[in-house]
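Right, one structure below, let's go through it.
In the text below, chain A, chain B and the rest are named by the order of the sequence lines, each starting its count at 1.
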Amino acid sequence: MYGDAADKLVADAKRSTQLTHLPLYQGELIQNIINETNDLQAEVEHLTNEEIVSQTQSQGDRTNQCQLFISHLAMRRNKRCLLAYQRYRAERLQYMSWLNNTTGITVDEPGAAPSGKAADSLNHNEEEYLKKYNELIINYNKEFNESLDLTGDIEPPKDIFIDVRVLKDVGEITTEYGVFNLTKDSQFFVRYNDVARLIQQGYLQRL
Amino acid sequence: MDEFNDILNEWVENRTSESGYNIQQAKQDDLTRLMQLVVNERMAPDVLEYEEELLERILARTRLQIEFIEINSLELQLEKDIKLQLMIVELELERVNYLIRTYLRTRLSKIDKFTVYITKNGDMVKRLSPSEVSYMRKHFEILTTLYKKQFLSRLPELLQLLDDTGGGISMIEEPDLDKPVFVKVVKTISHSIDVNNEEVELLQDGIYVLRYSAIRLYIMIGDIKLI
Amino acid sequence: MGNYYDLDDIIADNQKLPCKFNVTVPGLGYLEGNIGQPLDANTKLNLPLWLSSVLAICEVSQDSQTTFLDLIHPEFFNNKVINAIRANAVNIDLHSILPNYYKLCEKWCVMFSDVELIEVVSQMLKERSNEINDYGQNPKQISSMAGNKFLYSLDEFEKRLYKISTESHKLSKEWFHNQD
């Protein structure tokens with residue numbers, strides 16, 4: 001039945017709404033859908049020529065055109081599914097961009113190393129789109145104040161300043177609020193932005 | 001909390017040169033207005049008018065705050081008072097930035113969703129800031145390039161349009177203006193409004209759930225606000 | 001409306017419904033496995049909504065009232081189901097009747113303006129929503145036998161409602177807690 005491959009594609013997109021990583025791009029399935037659509041187009045052209053030649057049509061009787069009509073509907077259905085699939089993936093990529101993930105490689109935890117399998121899930125056109133989109137939002141960001149970084153999670157700021165304990169020696173860090181000597185087991189009240197990386201990397205523990 | 005406000009007030013007064021004008025009140029009013037704008041933008045189904053003046057004013061003030069922070073944090077051994085002031089200014093800056101960020105990104109996501117519709121409607125384009133128009137155009141360009149490269153250019157020509165309205169379903173996504181929204185009435189509306197053949201009276205301070213389309217104009221003039 | 005790219009809408013349009021063809025159509029034999037043959041009038045078939053909904057409103061010719069096919073009143077809205085809903089909406093296993101029950105009802109009602117169906121289903125939604133809200137407020141109850149049974153009986157739309165309900169009750173509780 002026409003549209004079966006398209007249904008599979010949309011089901012794949014729907015499934016990925018529940019996944020944290022974007023699954024592999026369904027290149028083969030998409031090629032099948034394209035082929036099916038072009039076959040339908042060939043059929044449409046053939047039927048249309050037949051119509052012109054046979055002239056069996058009485059004015060206004062659409063019965064003979066029904067097959068033609070259905071082929072058109074099937075073609076449009078395929079187009080719709082293709083676009084919905086790609087658009088959904090594009091939206092995920094946009095989301096990644098806003099979270100400052102420019103490689104397209106999704107990870108389970110921020111700061112963790114990307115796992116091999118996720119690295120191939122984008123095809124090269126999608127990678128390019130991600131790159132261009134990222135440039136786009138960087139440019140948009142430039143129109144505003146430096147401190148206003150439009151990227152990142154849209155969560156209300158909770159703890160600008162936090163208490164941390166040092167788990168491993170870091171040495172001295174310099175912040176606007178002074179120099180801190182981060183030795184093991186010492187505790188500090190610091191600005192989150194200054195130490196976010198160190199927390200991610202396991203040097204500091206947030207209290 | 002009061003102590004914080006006092007310190008903020010003190011800091012603002014040290015920086016204002018306009019005399020005879022209640023800067024603190026104006027600043028608070030602007031922030032209140034910005035908060036309402038954020039709520040409006042998040043709750044309304046369509047993209048609202050870009051409040052350029054307000055944003056400019058607030059951005060100018062945040063620039064001052066950034067300067068203050070930069071100048072005062074150059075010294076490494078800070079006095080306790082300055083340190084506290086710095087902290088408070090930073091806290092406030094984060095909050096204001098959060099509001100601006102939410103406002104702008106909410107708009108961008110709606111703009112992305114309704115790009116084709118907006119582009120075809122001169123009225124709607126007017127509601128966007130120049131930066132937003134530029135973003136919209138550029139994004140649409142890279143998105144359609146993606147579609148074309150991935151499959152669209154390999155489909156039959158008649159299928160290649162992205163604003164097709166034939167075939168039983170329109171490709172143009174429009175904002176659902178009939179979406180129900182929660183509202184609070186700021187000023188009693190003089191005549192009752194017609195909702196589904198029912199007359200509804202909108203009284204001051206009343207909270208209602210109504211179709212956006214029924215009260216859109218009142219929101220624009222401020223007699224009703226979204227919550 | 002914002003439907004073209006909507007994944008759920010596309011999936012709902014895939015739903016196969018029973019149809020009856022009103023005329024013999026040349027070339028459509030492939031729909032029932034007879035490639036190259038015409039499809040005879042009165043043939044009954046299950047076709048996806050994206051196809052059948054268009055053919056059900058398209059007349060066979062300009063002066064005819066007959067459409068290419070009629071959508072046969074499907075099982076999920078038949079009298080037996082309607083009566084069961086009227087009797088006890090909360091106990092119905094909606095998921096096993098149709099995972100996308102409300103969505104399909106919506107599409108059907110848009111096409112055919114079935115007022116009775118709209119009333120019955122709206123009432124059902126109200127009653128079941130109340131139940132969903134109760135469980136949302138007391139999520140531990142969902143692991144009870146009755147709770148479990150109810151959870152599995154929810155259609156896709158109701159499942160989303162349940163998720164939103166539990167989330168928002170949880171957030172409210174946390175917010176109140178933080179006010180102390």
Contact class of [X] relative to chain B, heavy atoms under 4.5 angstrom:
| X | value |
| --- | --- |
| R77(A) | neither |
| E91(A) | neither |
| I30(A) | side chain |
| L40(A) | neither |

> So K132(A) and E141(B), side chain to side chain contact (heavy atoms under 4.5 Å, CB included) or not? Walk me through it.
Replying inline: CA-CA 10 Å; K132(A) 286 192 210 161; E141(B) 200 190 296; over 6 Å; no

Report yes if the side chains of [X] and [Y] come closer than 4.5 Å at any heavy-atom pair, otherwise no.
| X | Y | result |
| --- | --- | --- |
| Y135(B) | E143(A) | no |
| L152(B) | Q86(A) | no |
| N139(A) | K138(B) | no |
| L82(A) | L155(B) | yes |
| Q41(A) | E157(B) | no |
| R154(B) | Q31(A) | yes |
| T145(B) | E128(A) | no |
| M171(B) | L83(A) | yes |

> What part of I142(B) gets closer than 4.5 Å to chain A, counting heavy atoms only: side chain, backbone, both or neither?
Replying inline: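 Contact with chain A: backbone and side chain both.
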
Taking atom [atom1] as the centre, does [X] end up with more than 12 heavy-atom neighbours from other residues, nucleotides or ligands that are less than 6.0 angstrom away?
| X | atom1 | value |
| --- | --- | --- |
| K184(A) | NZ | no |
| R137(B) | CZ | no |
| F182(B) | CZ | no |
| F188(A) | CZ | yes |

Relative to chain A, which of [options] shows the most heavy atom pairs under 4.5 Å?
| options | value |
| --- | --- |
| I169(B), I100(B), L108(B) | L108(B) |
| P156(B), S109(B), S134(B) | P156(B) |
| D112(B), L59(B), L158(B) | L59(B) |

> With a 4.0 Å cut-off, would you call R87(A) and E173(B) a salt bridge?
Replying inline: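 So R87(A) pairs with E173(B) through a salt bridge.
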
Could you state the interatomic distance from [atom1] ([X]) to [atom2] ([Y]), rounded to the nearest 0.5 Å?
| X | Y | atom1 | atom2 | value |
| --- | --- | --- | --- | --- |
| R80(A) | D164(B) | CZ | CG | 12.5 Å |
| N123(A) | L146(B) | CG | CG | 7.5 Å |
| L143(B) | L93(A) | CG | CG | 10.0 Å |
| N125(A) | F151(B) | CG | CZ | 10.5 Å |
| Y140(A) | R105(B) | OH | CZ | 10.5 Å |

> Angle class for the H139(B)/Y133(A) ring planes (parallel below 30°, perpendicular above 60°, tilted otherwise)?
Replying inline: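 It falls in the tilted class, 30° to 60°.
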
>> I'd like to know whether F144(A) forms a side chain to side chain contact (heavy atoms under 4.5 Å, CB included) with L55(B), so could you lay out the CA-CA distance, the side-chain angles of the two residues, the decisive distance to 0.1 Å, and finally the verdict.
In response: CA-CA 10 Å; F144(A) 304 95; L55(B) 260 294; 5.7 Å; no

> Run the side chain to side chain contact (heavy atoms under 4.5 Å, CB included) check on Y129(A) and K149(B) step by step: do they pass?
Replying inline: CA-CA 11 Å; Y129(A) 170 80; K149(B) 285 194 179 160; over 6 Å; no

